[in-house]
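Quantities reported herein were computed from a predicted structural model and do not represent experimental measurements.
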2 protein chains.
Amino acid sequence: MAGRSLSANTRRPKAAGNLSKPAIVAAALDLIDRDGLEAFSMRGLAQALGVYPTALYWYVPNRNALLAEMVTVAMQDVLPSPRKRPWQAWLKELFRRYRRAVSRHPHLAALMGAQMVSNAGVDPVLPEQILGVLSRAGFSDRQMVHAFNTVIATMAGFVTLEFGPAPADDDGSWAKTFQHSLRTVDAARFPLLARNMPRLENRAFITRWQNGVEAPLDDSFELFIEAAIHGLELQRVRKRRTPPRG
Amino acid sequence: MAGRSLSANTRRPKAAGNLSKPAIVAAALDLIDRDGLEAFSMRGLAQALGVYPTALYWYVPNRNALLAEMVTVAMQDVLPSPRKRPWQAWLKELFRRYRRAVSRHPHLAALMGAQMVSNAGVDPVLPEQILGVLSRAGFSDRQMVHAFNTVIATMAGFVTLEFGPAPADDDGSWAKTFQHSLRTVDAARFPLLARNMPRLENRAFITRWQNGVEAPLDDSFELFIEAAIHGLELQRVRKRRTPPRG
DNA sequence: ACCTGAACACCGTTCAAGT
DNA sequence: ACCTGAACACCGTTCAAGT
């Protein structure tokens, strides 16, 4: 967002001075993509950059601010182009783009959904566009807040769960045990679970042992966003007294 | 909440002896409800219990396992009673119960949604009941997985965002600054945002400075789950070739 | 301006030792 | 069986000092 193109005008820094905020953020993203959020530390990042831990604090105020920067980078391409098309199609593309952004940095899923998106830290262009689309769709001012919240929850809700971390599992023993317990579920106590397990195992929340990285829920996601959009359509129609003009 | 009334009484030679797994989990929940997840530590918990940090490891294998225990406790009352009623009503109660459970331990919101619910660690009675309700609703075996995933994502998605933590804000300065930036948003660049701000501020994702604890999104939540249920209704109906028999 | 280096106040977890 | 106590390998962040 902030253009830092002109800062230390053409004066080359020291030979070893490769450090910069974008470089730090990029290196941090690499580390997190590789090792996950729990393993990420300022000290580890400094080591990866070949620098003392405290050097980072010249560019970044603290760890949380650095995480926020990473989320901003990860959110870069979520906004669909504003070209005219049915509002349903625009929303679908928004949802798919957000999912794609999260899938590129799955270890940031919870951070993106439950912290940055649901709160501040998002480019105001995104909410502005969403409001525009909902306005075109025919939502009244009174309904606008709720439709907006439904859009955001639909966008981030499913995906935050889908790419949430599976239980820590260094040797794969948990996955095998859990898998076995699913396949041998007591058919007397849990008849439907037992009957549907062939289709549920590793393809549904709760009954999976891998997350969206290894076992993406593509079809479920598509039907989920379709359901949400149909639900929005109904709410809009129900309040309408006069046919749409545009 | 935690009664630490008995301290030096009852002639116990040792200080504690009150230690047990349920007591540890309860004390941990108290600490997290008060100070949040970031501030929670095994050492702090031990201190609150008047015991050496390593004593906890006799009852709990590690920190993550303890967090999982807390989530299990927090999820206690989410399952609606199985008494007969329309499937839409049953789902609505499930969604509301989950929201209520999270609202009681908001600092566990991300843990509950993005980790335990979306993955393992949930009583199989819950998925069994959901399958039963969806079966009664008329979903085919082919649709079942997707309908199930839609239910889980609807249940946990909105609420995980709603109770996600607002930016760390010790002195309230961020909230004031952000609030001001919302109210003075550039009406030329963001006309819809500016026009709708009176209804959006602190009542919508992104444009709020408090989370669901202080600023619950009750109405939006209700409309969100209604939209999801209507979407499900349509998907079921669309596939149906014969009228329902029940 | 940019980085080193020491230091502070913490962590989770192990292991041996006590009772 | 249950807890103490020392110890290990870490943390984030501050601050003074170097260049």
Side-chain angles (χ1 to χ4, degrees), chain A residues 4-25 27-28 31-32 35-70 107 111 115 165 167-171, chain B residues 4 6-8 10-25 27-28 31-32 35-70 107 111 115 165 167-171:
Chain A
R4 63 184 69 271
S5 44
L6 58 147
S7 57
N9 38 12
T10 58
R11 193 58 68 98
R12 285 294 173 206
K14 296 176 188 177
N18 294 334
L19 225 48
S20 71
K21 190 148 131 185
I24 288 172
V25 172
L31 278 182
I32 286 187
D35 303 327
L37 195 59
E38 280 207 356
F40 175 75
S41 74
M42 297 296 279
R43 294 178 109 107
L45 172 59
Q47 193 172 21
L49 287 163
V51 93
Y52 272 67
T54 50
L56 304 173
Y57 288 84
W58 201 87
Y59 299 91
V60 170
N62 54 55
R63 189 188 131 106
N64 279 338
L66 175 55
L67 293 175
E69 295 276 355
M70 289 189 244
H107 294 294
L111 231 53
Q115 297 201 36
D169 192 24
D170 292 336
D171 58 345
Chain B
R4 63 184 70 271
L6 57 148
S7 56
T10 57
R11 78 182 52 158
R12 287 285 180 214
K14 295 178 187 177
N18 295 333
L19 226 47
S20 71
K21 190 148 131 184
I24 288 172
V25 173
L31 279 182
I32 284 186
D35 303 329
L37 195 59
E38 280 207 357
F40 175 74
S41 74
M42 298 296 278
R43 295 179 108 107
L45 172 59
Q47 194 172 21
L49 287 164
V51 92
Y52 273 67
T54 50
L56 304 173
Y57 288 84
W58 201 88
Y59 299 92
V60 170
N62 54 55
R63 188 189 131 106
N64 279 338
L66 176 54
L67 292 175
E69 295 276 354
M70 290 191 244
H107 294 294
L111 230 52
Q115 298 201 36
D169 192 23
D170 292 335
D171 57 345

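In terms of phosphate contacts, Y52(B) brings no side-chain nitrogen or oxygen within less than 4.0 Å of OP1 or OP2 of dC3(D). Using a 4.0 Å cut-off, some side-chain N or O of Y57(B) falls inside it from OP1 or OP2 of dT13(C). Contact between the side-chain N/O atoms of Y59(A) and the OP1/OP2 oxygens of dC3(C) is found at a separation under 4.0 Å.
Counting only Watson-Crick or G-U wobble pairs whose defining distances are both under 3.5 Å, the stems of 3 or more consecutive pairs in DNA chain D are C:4-8 with D:12-16, C:12-16 with D:4-8.
Looking at which nucleotide of DNA chain C each of W58(A) and T54(B) is closest to, the 5′-most match is held by W58(A).
In the set dT13(C), dG12(D), dC15(D), the nucleotide with an atom closest to the side chain of S41(A) is dG12(D). Checked against dA7(C), dT4(C), dT4(D), the side chain of R43(A) finds its nearest nucleotide in dA7(C).
Rounded to whole Å, the distance from CG on L37(A) to C1' on dC11(D) is 14 Å. Regarding D35(A), its CG atom lies at a distance of 16 Å from the C1' atom of dC10(D), rounded to whole Å. Atom CG of L56(B) is separated from atom C1' of dC15(C) by 16 Å (rounded to the nearest Å). Whole-Å rounding puts the Q47(A) CD to dA9(D) P distance at 15 Å. When the C1' atom of dT4(D) is taken as reference, atom CG of L49(B) falls 16 Å away, rounded to whole Å. Rounded to an integer number of Å, the gap from L45(A) CG to dT13(D) P is 12 Å. Rounded to an integer number of Å, the gap from CE of M42(A) to P of dC10(D) is 18 Å. The CD atom of E38(A) sits 12 Å away from the P atom of dG12(C) (whole-angstrom rounding).
By the 4.5 Å heavy-atom criterion applied to side chains, R43(B) and P53(B) are counted as neighbours.
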(request) Please assess V25(B) against V60(B) for the test side-chain contact (heavy atoms from CB on, under 4.5 Å), listing each intermediate value before the final yes or no. (result) CA-CA 9 Å; V25(B) 173; V60(B) 170; 5.7 Å; no
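Residues of residues 60-69 of chain A that place a heavy atom closer than 4.0 Å to DNA chain D, in numerical order, are N62(A), R63(A).
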